[in-house]
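First comes the structure, then the notes that go with it.
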Amino acid sequence: MRRGFVPSQLSKLKFSKSFLRNVIFPFQSNQSTPSTHLKYFPHAKFHFFVTQNPRHVHYQPCLFHRAIQTTPAHFSQILSPQSQQPDLEEALDFSNNTEELLIAFKALEATLSENDKRLGLTCLKVGEILLSKGSEELEKALSFVIRALEILGRNDRGGSIPLVKALRLVGSISCKMKRFDESLESLETACQILDSLEEEGFSGKEFDSEKISIQLELANTKNAMGRRWEALINLRRSLQMRLLILEPDSLLLASACKDVAEAYTGVLEFGEARPLCLKALGIFEAKIGKNCEEVVKIRQLLGAIHVGLEENEEALVQNELCQRILLSLNLETELLNMEIEAANIKVNLGRLGEVMSTLKGVIQKVGKESETRAFAFVSMAKALFFQERFGDSKGCLDMSCDILNKVDSTSEKVAEALLEISMLYEMMNEFETALSLMKRTLALLEKIPQEQYMMGSIFARIGWLLLLTGRVQHAAPSLESAITKLKNSFGPKHFGLGFAYKHLGQAYLETDKVQSAIQMLLLAKDILEASFGPQHEDSIDTCQYIANAYGVSRSYGLAMEFQQEVINRWEALGPDAKNELREASRLLQQLKKKAEGSLSAVFPANNLPQHLQKSCF
């Protein structure tokens, strides 16, 4: 006999009291289910019928896909007063709309008791059908799936695949309704039940399918919350499971490889993304040919990976291949966007003359208030900036902003364009304009919760600009927000997080929060050294700030240790760093004097003047 499973997470879900009571403390139904009873599991392409032995799975072709061809007369015939339960179950499949589906359900419900497991499975089926109809039926779908959970919880004391599926559907629906915490609670509980069933020997296609589906739903929810790094872990698990059960040249496997490659690219792990992207490309080209939209998307992703790896010539090759395919498919809008991408790659390569020619061609082909025109002006402004034509660059930025001000859009591309405009203004020392645009972009991104990574980057830049312009008290909150969002998006060791820690350490140091400053700066040092190496200017600079902070706290031994490290690193860079080396050596001598008590003779240790309490230099 299977041991009982009491999922602790279920107590936190915001379901009805009866659900919590019956699932957490399930009881054995008084009605016994005949051993010949078949449990019904609707699926995308097949219906699954499972006997009481979960290892015996039977398949039959799905009828639901033929439902749209059912005539009203046929539906009425199925629902005649003489209808038996099998006929009523068939009516669910042949319903043409929500109204017919609910009529069929009511008729079937009248033949079953509330504790009958068949009613739970029927509620689950109706919930899944309603979910497939889109966002307008989410509330109804959720109510049916929760009712299924209540009934199945009373019948399946040790957990079951239908119960897992119901929890997965609750997670999926809750995510679509932006109830992300409830979605995670439900999906994590489903994982617990599956782990318990696996320990007891459960296996099979349906079991594997649920394991994969739950990992994908967890990834969807975490991506929707902006937690890209955690979502990547779930996508990677789903891919590992698929590798075990799918053919090596399967299109499903190719799609899974592409999804994981996109996830790696989203967290800037380009080296991990490339082999998966190439695998997906090889399968798709072999299976469906080279001239199709799906191949364009994969090549575009491969181009982005090459750009991330600073392989711009290779990225340009992928772009040109994409343009040829799009031209053959007569996809003009997509082709224009690809031309703008090519211009951006050529900016990286310094081919600025070609950039201007390409972008002028794009601008002539689109409407005056087109988003595409605005994006082209941003790329043109970038090229002009690198030609040091700052006035012309600002003119292009102004034209782009004028267009985007009229666009009623909350798209990621518009947010990216605004962010790029703000960064160009920042590079031209137009700090207040840059800050204003960043704040506007943040307001836009509040409506796109999955773009937390972009919000993190903006908060980091705002914090840095506030620090740079002397508004230290306002800088720290922005940098703290940046760290939270960047950590969720990119993981704990991303280089962007290193810069945010460094700047927050500077802000804390300037506001006399010395111990907090040291903590942040040490975190920054570890990340920046891992990302760029110990001789990188930012790594050395962080070491210097740590020495400063220890000096302020009168921990002179540690201060001298880090100051010596700064000296060693500047020495390793040779004659080009002689000025920095001279200054670092001077600061070390000053620390030695303090440690030897030369200053303490004038000022007792507990009575240092105010200016020395703030800085040991």
For [Y], is there an ion pair with [X] - N to carboxylate O distance below 4.0 angstrom?
{"X": "Arg351", "Y": "Glu354", "answer": "yes"}
{"X": "Glu529", "Y": "Lys502", "answer": "no"}
{"X": "Lys297", "Y": "Glu293", "answer": "no"}

Aromatic contact, Phe385 with Phe390 (centres under 6.0 Å):
yes

Heavy-atom count check: over 12 atoms from other residues, nucleotides or ligands less than 6.0 Å from [X] [atom1]?
{"X": "Glu412", "atom1": "CD", "result": "yes"}
{"X": "Glu136", "atom1": "CD", "result": "yes"}
{"X": "His474", "atom1": "NE2", "result": "no"}
{"X": "Met177", "atom1": "CE", "result": "yes"}
{"X": "Glu369", "atom1": "CD", "result": "no"}

Does any N or O in the side chain of [X] come within less than 3.5 Å of the main-chain N or O of [Y], such that one atom is a donor and the other an acceptor?
{"X": "Ser238", "Y": "Leu216", "answer": "no"}
{"X": "Ser531", "Y": "Leu528", "answer": "no"}
{"X": "Ser255", "Y": "Leu251", "answer": "yes"}
{"X": "Ser400", "Y": "Ala374", "answer": "yes"}
{"X": "Ser422", "Y": "Ala434", "answer": "no"}
{"X": "Asp541", "Y": "Glu537", "answer": "no"}
{"X": "Thr511", "Y": "Ala507", "answer": "yes"}

Side chains of [X] and [Y], heavy atoms from C-beta outward: is any pair under 4.5 Å?
{"X": "Leu329", "Y": "Leu335", "answer": "no"}
{"X": "Lys382", "Y": "Asn344", "answer": "yes"}
{"X": "Phe499", "Y": "Asp538", "answer": "yes"}
{"X": "Lys394", "Y": "Glu430", "answer": "yes"}

Using the side chain to side chain contact (heavy atoms under 4.5 Å, CB included) rule, take Asn234 and Ile214 through it: C-alpha gap first, then chi angles, then the decisive distance, then the call.
CA-CA 9 Å; Asn234 295 111; Ile214 287 170; over 6 Å; no

Would you kindly say whether Gln323 and Asn319 are connected by a side-chain donor-acceptor distance under 3.5 Å?
yes

Quick one: do Gln452 and Arg228 satisfy side chain to side chain contact (heavy atoms under 4.5 Å, CB included)? Show the steps, please.
CA-CA 9 Å; Gln452 295 292 304; Arg228 289 186 167 199; over 6 Å; no

Apply side-chain hydrogen bond (donor to acceptor under 3.5 Å, both in side chains) to Tyr264 and Arg274, showing your working.
CA-CA 9 Å; Tyr264 271 122; Arg274 178 162 50 187; over 6 Å; no

Among Glu230, Arg237, Arg168, Glu188, which one satisfies side chain to side chain contact (heavy atoms under 4.5 Å, CB included) with Leu218?
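Answer after filtering Glu230, Arg237, Arg168, Glu188: Glu188.
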
Rounded to the nearest 0.5 Å, how far does [atom2] of [Y] lie from [atom1] of [X]?
{"X": "Asn220", "Y": "Gln450", "atom1": "CG", "atom2": "CD", "result": "11.0 Å"}
{"X": "Ser250", "Y": "Ile245", "atom1": "OG", "atom2": "CD1", "result": "9.5 Å"}
{"X": "Leu479", "Y": "Trp464", "atom1": "CG", "atom2": "CH2", "result": "10.0 Å"}
{"X": "Ile173", "Y": "Glu217", "atom1": "CD1", "atom2": "CD", "result": "9.5 Å"}

For a side-chain hydrogen bond (donor to acceptor under 3.5 Å, both in side chains) check, start with the C-alpha distance between Glu583 and Asn579, then their side-chain angles and the critical distance, and finish with the verdict.
CA-CA 6 Å; Glu583 178 63 14; Asn579 292 334; over 6 Å; no

Which atom names give the shortest non-hydrogen contact between Leu359 and Ala343, and what distance separates them?
CD2-CB, 3.7 Å

Please assess Gln318 against Arg299 for the test side-chain hydrogen bond (donor to acceptor under 3.5 Å, both in side chains), listing each intermediate value before the final yes or no.
CA-CA 6 Å; Gln318 295 302 321; Arg299 287 197 176 279; 2.8 Å; yes

Residues forming a side chain to side chain contact (heavy atoms under 4.5 Å, CB included) with Ser478, sequence neighbours excluded
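Ser478 satisfies side chain to side chain contact (heavy atoms under 4.5 Å, CB included) with Phe459, Ile462, Leu466 once adjacent residues are dropped.
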
For Arg471 and Leu435: C-alpha separation, side-chain torsions, deciding distance, then whether side chain to side chain contact (heavy atoms under 4.5 Å, CB included) applies.
CA-CA 13 Å; Arg471 289 166 278 186; Leu435 282 168; 3.6 Å; yes

Is the Phe490 ring parallel, tilted or perpendicular to the Tyr453 ring (thresholds 30°, 60°)?
perpendicular

With side-chain hydrogen bond (donor to acceptor under 3.5 Å, both in side chains) as the criterion, how do Arg440 and Asn405 come out once you've worked through the C-alpha distance, each side chain's angles and the decisive distance to 0.1 Å?
CA-CA 11 Å; Arg440 177 185 165 190; Asn405 285 338; 2.6 Å; yes

